Amino acid sequence: MSTDWDVVVVGAGIAGLTAARACAERDLRVVAHDALAPGGQLINLGALADWPGPPTTGPDLMGALLTDVMDRGVEIAYGEVTGLRADPLTVEAAEGPVTTRAVVVATGRRPGRLDVPGADAWEGRGLSHCATCDGPLHAGREVVVVGDDEWTAREALELAGIAKRVTLVGAAPGWSASSTRRLAEAVEVRTGTVTALEGDGTLGAVRLADGEVLDASGVFVYTHADPRSELLDGLPADAAVWSAGDVTGADRTLLTAAADGLRAGLAVVARLEES
Ligand SMILES: Cc1cc2nc3c(=O)[nH]c(=O)nc-3n(C[C@H](O)[C@H](O)[C@H](O)COP(=O)(O)OP(=O)(O)OC[C@H]3O[C@@H](n4cnc5c(N)ncnc54)[C@H](O)[C@@H]3O)c2cc1C
């Protein structure tokens with residue numbers, strides 16, 4: 001049966017672009033859809049940690065990856081994919097249904113979320129998930145960072161170079177000892193949770209579970225960054241659909257996401273060469 005594409009990749013972050021590259025290099029017809037812009041989380045990163053090779057930034061790496069996959073014939077499509085159907089394999093893309101022989105779902109994780117009623121309403125009015133993008137808006141002001149992992153600690157350290165005061169609030173801190181040492185010099189660290197965001201139009205303060213209220217023009221949230229895995233729900237086990245990168249819930253690093261994308265791409269090639 002003829003299909004619109006050999007491979008549809010959903011999500012053009014580092015995992016999706018690596019999968020797309022592996023397939024295109026082996027002469028498959030590949031399109032990569034992204035709901036926002038190619039690059040995914042890379043767009044938000046300054047200097048990269050745990051990345052081998054010459055020092056680079058997220059946007060520079062994203063630019064190089066994108067140019068490379070497009071040179072290899074991968075088409076980039078813009079818009080959210082809203083569903084997958086198995087028989088025949090069909091992707092519900094922004095421009096309508098698209099048929100394909102295989103799909104790689106590389107949709108990453110959601111931005112962080114606070115377990116606080118009405119918190120979403122503060123998005124763009126002080127609530128952020130990106131120190132590189134929004135940190136400069138808070139130069140010389142006070143900010144709160146919420147999260148527990150290594151990347152949260154590094155975001156707090158980046159903000160410490162910009163804001164007047166940074167308070168890092170974590171329920172169960174899990175960052176490295178070296179980050180703990182660096183944080184001790186520049187950031188106030190609290191164990192606890194946020195119970196409310198307060199302000200008049202724009203954010204003014206963050207209330208903690210122990211009742212303390214911290215003045216803050218910005219709150220940077222990295223907790224509850226759940227995998228965006230809904231597209232994988234309800235598909236038959238033998239569907240030609242693979243997942244790769246942060247959506248799998250595995251390690252959150254660029255290298256492991258890329259390795260996962262390569263693994264998925266090669267699995268697609270192997271399956272399509274059999275059929
Ligand atoms: C604050 C922070 C700092 C970090 N710093 C580092 C670091 O220095 N070094 C390091 O190794 N790792 C770092 N990481 C981890 C790293 O960024 C991620 O592990 C990696 O980017 C995941 O890549 P991905 O391709 O799986 O997902 P993503 O990069 O999240 O890409 C997913 C893409 O899918 C798209 N998408 C989602 N749903 C749909 C849909 N339905 N339809 C179409 N498109 C969709 C999104 O728009 C997005 O572009 C950091 C993470 C965070 C949160």
Side-chain angles (χ1 to χ4, degrees), residues 8-21 31-53 55-62 65-66 69 76-84 91-95 98 103-113 128-135 145-159 168 175-176 179 220-233 241-265:
V8 172
V9 174
V10 187
I14 193 166
L17 290 177
T18 307
R21 183 187 199 278
V31 60
H33 291 258
D34 203 286
L36 298 173
Q41 182 64 30
L42 272 176
I43 296 169
N44 296 336
L45 304 182
L48 301 179
D50 300 330
W51 182 257
T56 186
T57 65
D60 285 349
L61 178 59
M62 183 275 284
L65 288 172
L66 189 61
V69 296
I76 302 293
Y78 294 85
E80 184 179 1
V81 167
T82 53
L84 294 183
V91 173
E92 299 295 348
E95 72 271 20
V98 173
V103 175
V104 176
V105 174
T107 42
R109 289 174 180 264
R110 300 201 145 66
R113 174 177 59 75
S128 170
H129 315 278
C130 176
T132 303
C133 330
D134 294 333
V145 178
V146 187
D148 295 297
D149 67 0
E150 182 67 15
W151 302 136
T152 305
R154 290 181 188 231
E155 292 279 281
L157 288 165
E158 184 171 341
L159 287 164
L168 171 52
W175 46 77
S176 63
S179 284
F220 290 76
V221 177
Y222 303 95
T223 41
H224 304 300
D226 303 322
R228 277 199 199 94
S229 56
E230 300 75 18
L231 290 174
L232 297 163
D233 293 344
V241 177
W242 284 261
S243 59
D246 275 14
V247 69
T248 64
D251 289 351
R252 298 178 74 183
T253 72
L254 294 164
L255 264 184
T256 49
D260 229 22
L262 176 61
R263 212 174 291 128

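Numbers here simply count residues along the sequence, with the first being 1. Counting convention: from 1, in listed order, for ligands and their atoms alike. From a predicted model like this one, the values you see are computed outputs, not experimental measurements.
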Could you find the nearest protein heavy atom to [atom] and give me its residue, atom name and distance?
| atom | value |
| --- | --- |
| atom 38 (N) of ligand 1 | Thr107 CG2, 3.3 Å |
| atom 43 (C) of ligand 1 | Ala35 N, 3.2 Å |
| atom 17 (O) of ligand 1 | Gln41 CG, 3.1 Å |
| atom 34 (O) of ligand 1 | Gly11 CA, 3.2 Å |
| atom 42 (N) of ligand 1 | Val81 N, 2.9 Å |
| atom 26 (O) of ligand 1 | Asp246 N, 2.8 Å |
| atom 11 (O) of ligand 1 | Leu254 N, 2.8 Å |
| atom 3 (C) of ligand 1 | Leu45 CD2, 3.3 Å |

So how far is it from [X] [atom1] to [Y] [atom2], rounded to the nearest 0.5 Å?
| X | Y | atom1 | atom2 | value |
| --- | --- | --- | --- | --- |
| Thr57 | Leu48 | OG1 | CG | 6.5 Å |
| Tyr222 | Asp149 | OH | CG | 10.0 Å |
| Ile14 | Trp51 | CD1 | CH2 | 4.0 Å |
| Asp260 | Thr253 | CG | OG1 | 9.5 Å |

Looking at non-hydrogen atoms alone, which of [options] comes nearest to [atom]?
| atom | options | value |
| --- | --- | --- |
| atom 51 (C) of ligand 1 | Phe220, Trp151, Tyr78, Tyr222 | Trp151 |
| atom 46 (C) of ligand 1 | Leu61, Leu36, Asp34, Thr18 | Asp34 |
| atom 32 (C) of ligand 1 | Gly40, Ala106, Ala32 | Ala106 |

Full working for side chain to side chain contact (heavy atoms under 4.5 Å, CB included) between Asp246 and Gln41: CA-CA 10 Å; Asp246 275 14; Gln41 182 64 30; 5.9 Å; no
Atoms of ligand 1, numbered as shown, that sit under 4.0 Å from any heavy atom of [X]:
| X | answer |
| --- | --- |
| Ala15 | 25 (O), 26 (O) |
| His33 | 43 (C), 44 (N) |
| Gly79 | 43 (C) |
| Arg228 | 37 (C), 38 (N) |
| Ala49 | 7 (C), 8 (O), 9 (N), 10 (C), 11 (O) |
| Gly245 | 26 (O) |

Quick one: does [X]'s side chain get under 4.5 Å of [Y]'s, heavy atoms only?
| X | Y | result |
| --- | --- | --- |
| His129 | Arg110 | no |
| Asp34 | Ile76 | no |
| Leu42 | Leu65 | yes |
| Leu255 | Asp50 | no |

Checking contacts here: is it the side chain or the backbone of [X] that comes within 4.0 Å of ligand 1, counting heavy atoms only? Could be both or neither.
| X | value |
| --- | --- |
| Ala257 | side chain |
| Thr256 | neither |
| Glu155 | side chain |
| Thr152 | neither |

Option among Val8, Val103, Asp233 that satisfies the side chain to side chain contact (heavy atoms under 4.5 Å, CB included) test with Leu84: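 With Leu84 as partner, Val8, Val103, Asp233 yield a single side chain to side chain contact (heavy atoms under 4.5 Å, CB included), made by Val103.
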Option passing side chain to side chain contact (heavy atoms under 4.5 Å, CB included) with Ser243 (candidates Thr107, Leu231, Thr248, Val104):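 Single side chain to side chain contact (heavy atoms under 4.5 Å, CB included) partner of Ser243 among Thr107, Leu231, Thr248, Val104: Thr248.
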[X] versus ligand 1: do any nitrogen or oxygen atoms come within less than 3.5 Å of each other?
| X | result |
| --- | --- |
| Val10 | no |
| Asp251 | no |
| Leu42 | no |

Side-chain donor/acceptor of Arg109 to backbone N/O of Asp226, under 3.5 Å: no
Backbone N/O of Ala131 and side chain of Glu155: donor-acceptor pair under 3.5 Å: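 Yes; judged by distance alone, with no hydrogens or angles, the pair exists.
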Residues which pass salt bridge (charged side-chain N to carboxylate O under 4.0 Å, His left out) with Asp134, listed by chain and number, not counting sequence neighbours: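 If we apply the salt bridge (charged side-chain N to carboxylate O under 4.0 Å, His left out) test to Asp134, skipping adjacent residues, there are no hits.
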Check ion pair Arg154-Glu150 (N to O, under 4.0 angstrom): yes
Within-shell test, Ala225 vs ligand 1, heavy atom, strictly < 4.0 Å: no
